Number of protein chains: 2
Amino acid sequence: ASTIALGEEEQHREEKGGFGGSSSAAGGNKDGPEQNGVASYWGVSPNKLVKEDGTEWKWKSFRPWEAYEPDMSIDLTKHHKPTNMMDKFAYWTVKALRYPTDVFFQRRYGCRAMMLETVAAVPGMVGGMLLHFKSLRRFEHSGGWIKALLEEAENERMHLMTFMEVAKPKWYERALVIAVQGVFFNAYFLSYMISPKLSHRIVGYLEEEAIHSYTEFLKELDKGTIENVKAPAIAIDYWRLPADATLRDVVMVVRADEAHHRDVNHFASDIHVQGHELKESAAPIGYH
Amino acid sequence: ASTIALGEEEQHREEKGGFGGSSSAAGGNKDGPEQNGVASYWGVSPNKLVKEDGTEWKWKSFRPWEAYEPDMSIDLTKHHKPTNMMDKFAYWTVKALRYPTDVFFQRRYGCRAMMLETVAAVPGMVGGMLLHFKSLRRFEHSGGWIKALLEEAENERMHLMTFMEVAKPKWYERALVIAVQGVFFNAYFLSYMISPKLSHRIVGYLEEEAIHSYTEFLKELDKGTIENVKAPAIAIDYWRLPADATLRDVVMVVRADEAHHRDVNHFASDIHVQGHELKESAAPIGYH
Ligand SMILES: [Fe+2]
Ligand SMILES: [Fe+2]
Ligand SMILES: [Fe+2]
Ligand SMILES: [Fe+2]
């Protein structure tokens with residue numbers, strides 16, 4: 001249930017247009033049209049949320065209880081050895097994709113992280129959606145996998161929301177993202193329809209590469225070739241980082257997230273390899 | 001973080017194949033391949049969850065903290081008066097869809113509920129997915145709307161998981177669901193790409209019709225033409241119903257859910273009507 005919190009709030013119409021592109025205004029923390037009476041008829045204006053320290057929660061796109069402290073003890077070196085043909089195909093597909101990416105970005109790891117997170121958020125959403133529709137068609141439970149994959153997609157989107165505070169996309173980078181999303185969405189959609197086993201394996205290997213890239217990012221930060229700026233506010237709230245956290249801390253927690261995604265996706269692929277369906281095995285929900 | 005809970009569990013391989021179609025085994029409460037060592041390498045086997053009364057949590061597809069007590073005080077009679085051309089188009093589209101549905105199902109409300117929930121879970125997933133990809137492409141926050149719409153989809157899927165414990169789909173009904181999903185997924189996908197404003201309005205009116213159908217369902221239960229059986233276990237856990245709850249209680253809470261969806265979708269359409277984008281307005285997350 002939700003109550004309406006109108007009244008003490010003024011019109012913020014004049015701020016319209018300041019959304020999206022501009023830096024600190026880049027989102028989630030603005031008042032919008034709920035002030036102009038729409039919500040008061042439908043009664044859906046959300047409560048004001050507060051942080052643990054009593055200050056107002058700034059983000060619309062995630063809630064305080066979705067913040068978490070990632071498990072930093074996760075093994076970063078785990079690797080699925082490609083044994084059969086499918087594994088090898090998945091492994092070399094990812095390696096082949098890595099090469100042009102390296103050439104394109106060189107050592108610009110901030111920019112690279114931002115751009116690649118727009119792609120990383122695709123598989124979880126596509127997989128979750130396809131499992132949702134399958135669950136409906138077959139009148140079957142999903143074992144929690146719909147949620148687990150959608151959570152992965154959301155987590156990746158939060159990575160993007162974080163890195164875009166540090167690196168700003170240029171117009172041709174935005175154009176590139178649109179083109180790549182168009183291709184990758186369709187490719188992954190098809191791939192997941194044909195073989196979830198192969199698709200999860202590919203994502204598992206992509207995550208292994210992501211861990212590697214973030215390790216390189218950390219090296220550059222330690223060498224000083226990339227400036228270790230203050231962590232963006234959204235990252236501090238999302239991962240419960242200390243107030244004086246830096247970009248290095250952010251990269252550390254993001255890398256831990258990628259290691260979790262690696263585990264989930266290789267696990268999902270292994271379930272299929274063993275001849276099971278995902279729904280037979282409880283999904284790792286809330287696995288960070 | 002998750003720990004591995006192997007050991008005391010036996011192999012359940014022989015149960016394979018009992019998933020899906022069969023009645024009480026229809027889901028979410030079985031052990032799966034995590035027993036055979038896959039999870040132990042990837043370390044993602046989830047913790048055992050317990051209910052508030054200390055007994056084991058049976059469901060894989062949703063977690064204890066996703067259960068809720070719906071707001072039964074919600075106004076069931078609210079209606080968006082169709083004023084402009086778009087509203088009228090949306091309204092009469094829904095009315096036109098209602099007619100063959102009434103003819104097809106007659107007074108078989110249990111069956112009707114089950115069948116229609118397979119359709120009701122489509123718009124939230126499609127809308128949420130499209131907003132997710134838009135958020136990635138534009139490097140923008142969503143204002144929480146991705147989550148709000150995905151939550152709606154999940155809620156509708158839980159309606160289906162509930163009603164399929166009461167009414168069992170026949171083979172030709174399953175075939176019909178597949179056909180309808182194929183058409184409706186594509187139609188709504190296109191419609192949402194072209195006009196989220198119209199799409200949310202249509203869903204708003206669909207929810208108004210759903211409220212009406214569930215009210216008819218309640219009348220039949222009260223007349224005794226439909227037997228007021230015990231509420232399925234999943235419904236008791238999902239809506240925190242008392243242990244002796246009946247089908248009537250279930251229909252009551254489901255109807256309250258539909259009223260919430262009605263509000264959210266008319267609200268979303270209103271935001272667009274006022275020339276805003278959804279992300280400018282905080283989404284009603286966790287609005288039940
Ligand atoms: Fe990521
Ligand atoms: Fe990842
Ligand atoms: Fe429903
Ligand atoms: Fe609904």
Side-chain angles (χ1 to χ4, degrees), chain A residues 1-2 16 19-20 26-28 30 32-34 36 38-39 42-44 46 60-61 63 71 118 121 125 129 132-133 135-144 147 150 153-154 157 160-161 164 169 174 177-178 181 185 263-264 266-267 270-271 274 276 279-285 287-288, chain B residues 1-2 16 19-20 26-28 30 32-34 36 38-39 42-46 60-61 63 71 118 121 125 129 132-133 135-144 147 150 153-154 157 160-161 164 169 177-178 181 185 263-264 266-267 270-271 274 276 279-285 287-288:
Chain A
S2 116
K16 216 202 138 193
F19 294 95
K30 289 286 189 101
E34 72 266 36
N36 49 38
V38 180
W42 295 111
V44 295
K60 286 183 203 159
S61 43
R63 297 168 291 181
D71 172 18
T118 67
M125 180 55 69
M129 175 189 65
H132 174 75
F133 289 127
S135 162
L136 303 176
R137 278 196 310 271
R138 298 200 179 175
F139 299 87
E140 280 174 355
H141 284 254
S142 71
K147 177 156 292 163
L150 294 178
E154 178 178 302
R157 193 176 70 242
L160 173 63
M161 299 294 128
M164 76 191 197
R174 287 172 180 270
V177 165
I178 293 169
Q181 186 183 96
F185 169 74
D263 291 355
V264 170
H266 279 318
F267 176 47
D270 284 355
I271 291 171
Q274 302 211 353
H276 293 275
K279 70 184 161 69
E280 298 173 47
S281 189
I285 296 177
Y287 177 75
H288 292 303
Chain B
S2 115
K16 218 202 135 193
F19 296 96
K30 288 285 190 102
E34 73 268 37
N36 48 39
V38 180
W42 296 110
V44 296
S45 192
K60 286 182 203 160
S61 44
R63 297 168 291 180
D71 173 18
T118 68
M125 180 55 69
M129 174 189 66
H132 174 75
F133 289 127
S135 163
L136 303 176
R137 278 196 310 270
R138 298 201 178 172
F139 300 88
E140 281 174 356
H141 284 254
S142 71
K147 178 157 292 166
L150 294 179
E154 178 178 301
R157 194 176 67 241
L160 173 62
M161 298 296 126
M164 75 190 198
V177 165
I178 293 170
Q181 185 183 97
F185 169 74
D263 291 355
V264 171
H266 279 318
F267 176 47
D270 285 356
I271 292 171
Q274 302 211 354
H276 292 275
K279 69 185 162 71
E280 299 173 47
S281 190
I285 295 176
Y287 177 75
H288 293 303

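Basis for what follows: all heavy atoms, side chains included, without hydrogens, waters or symmetry-related copies. Residue numbering restarts at 1 for every chain, and letters A, B, ... go by the order of the sequence lines. Everything numeric in this text was worked out from a predicted model, so none of it was measured.
Arg137(B) has its side chain out of reach of Arg174(A): every pair of non-hydrogen atoms, C-beta onward, lies at least 4.5 Å apart. Two residues are said to be in side-chain contact when any heavy atoms from C-beta on lie closer than 4.5 Å; Phe133(A) and Arg157(B) fail this criterion. Between His141(A) and Lys60(B) there is no side-chain heavy-atom pair separated by less than 4.5 Å. The closest side-chain heavy-atom distance from Glu154(B) to His132(A) is not below 4.5 Å. Residues Leu136(B) and Val177(A) are not in side-chain contact: their nearest non-hydrogen atoms beyond the backbone lie 4.5 Å or more apart. In this structure the side chain of Leu150(B) reaches within 4.5 angstrom of the side chain of Met125(A), judged on heavy atoms.
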Open item on the list: Run the side-chain contact (heavy atoms from CB on, under 4.5 Å) test on Met161(B) and Ser135(A) for me, step by step, so that the C-alpha distance in whole Å, both residues' side-chain angles and the decisive distance to 0.1 Å come before the verdict.
Closed with: CA-CA 9 Å; Met161(B) 298 296 126; Ser135(A) 162; 3.3 Å; yes
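Under the ring-ring contact (aromatic ring centres under 6.0 Å, His included) criterion, His266(A) pairs with His80(A), Tyr205(A), Trp42(B), sequence neighbours left out.
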